[in-house]
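Computed over heavy atoms, backbone and side chain alike; hydrogens, waters and symmetry mates excluded. Residue numbering restarts at 1 for every chain, and letters A, B, ... go by the order of the sequence lines. Since this is a predicted model, take the numbers as computed values, not measurements.
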Amino acid sequence: LAKTTQPISMDSYEGQEVNITCSHNNIATNDYITWYQQFPSQGPRFIIQGYKTKVTNEVASLFIPADRKSSTLSLPRVSLSDTAVYYCLVGQTGANNLFFGTGTRLTVIP
Amino acid sequence: KAGVTQTPRYLIKTRGQQVTLSCSPISGHRSVSWYQQTPGQGLQFLFEYFSETQRNKGNFPGRFSGRQFSNSRSEMNVSTLELGDSALYLCASSLGDRKETQYFGPGTRLLVL
């Protein structure tokens with residue numbers, strides 16, 4: 001069971017880059033790493049997914065070292081609207097071992 | 001392309017009743033997964049359906065069941081409701097391949113009194 005460990009909370013000022021690291025020591029060969037953002041009383045919103053090395057899209061970057069035992073979500077120049085809970089998931093879509101964990105509550109301060 | 005839709009958005013039931021929640025996946029998606037989210041337990045996997053068959057199941061009692069129709073729409077049923085079933089129920093759809101990303105709906109907020 002590929003459980004994940006993330007910081008419970010983080011604070012950042014508006015305009016700064018935020019890096020959230022997730023530890024997943026038991027990641028399996030076929031597992032992907034996916035990050036979601038969730039606002040209160042809404043469904044999680046997909047941010048980015050990767051398998052190894054670096055992935056970048058229009059909203060974030062995902063850094064995965066060679067051993068894949070951790071990953072870092074990087075949010076450039078955060079704004080107040082980025083205040084949310086961020087979940088790191090390791091596993092395969094629809095699998096019963098997909099573990100959400102407690103997530104990281106990011107608070108962006110003006 | 002329309003996203004995942006869930007109905008109803010809010011529901012109030014009393015203990016002992018049963019409830020049916022509905023999920024319409026993104027067009028072309030064949031996999032639908034259901035999750036329960038509570039403040040105490042976080043997001044927990046209930047089950048996944050693919051091509052009308054339950055492909056995976058989480059660790060929930062038999063009171064929780066589901067099904068999927070030929071158009072990939074899915075329903076989840078909870079019988080003999082308990083207070084602890086109060087939660088946000090989320091469904092997520094994907095193309096079906098294990099490496100494909102799943103996209104979540106807005107959820108159904110169920111309150112059991």
> Is there a path of hydrophobic side-chain contacts, each under 4.5 Å between heavy atoms of I, L, V, M, F, W or Y residues, that connects L95(B) with F46(A)?
Replying inline: no
>> With a sphere of 6.0 Å drawn around CG of N71(B), does it hold more than 12 non-hydrogen atoms of other residues, nucleotides or ligands?
In response: yes
>> I'd like to know if V59(A) and L62(A) are part of one continuous hydrophobic network [Ile/Leu/Val/Met/Phe/Trp/Tyr, side-chain heavy atoms within less than 4.5 Å].
In response: yes
>> If hydrophobic clusters are built from ILVMFWY residues whose side chains come within less than 4.5 Å, do I26(B) and F50(B) share one?
In response: no
>> I need the T101(B) OG1 to I47(A) CD1 distance, nearest 0.5 Å.
In response: 12.0 Å
> Is it true that I27(A) and L73(A) fall in one hydrophobic cluster, defined by side-chain heavy atoms closer than 4.5 Å?
Replying inline: yes
> Under a 4.5 Å heavy-atom cut-off, does chain B meet the side chain of Y51(A), its backbone, both or neither?
Replying inline: neither
> Which atom names give the shortest non-hydrogen contact between L43(B) and P44(A), and what distance separates them?
Replying inline: CD1-CG, 4.0 Å
>> Give the interface residues of residues 62-70 of chain B toward chain A, defined by a heavy-atom separation under 4.5 Å.
In response: none
> Given a strict heavy-atom distance threshold of 4.5 Å, which part of Q37(B) is in contact with chain A: side chain, backbone, both, or neither?
Replying inline: side chain
>> Give me the atom names and distance for the closest heavy-atom approach of R9(B) to S41(A).
In response: NH2-O, 4.3 Å
> Which pair of heavy atoms, one from Q38(A) and one from L88(B), lies closest together, and at what distance?
Replying inline: NE2-CD2, 4.3 Å
> Is I12(B) reachable from L83(B) through a run of I, L, V, M, F, W or Y residues, each pair having side-chain heavy atoms under 4.5 Å apart?
Replying inline: no
> What do you reckon, is CZ of R73(B) surrounded by more than 12 foreign heavy atoms closer than 6.0 Å?
Replying inline: yes
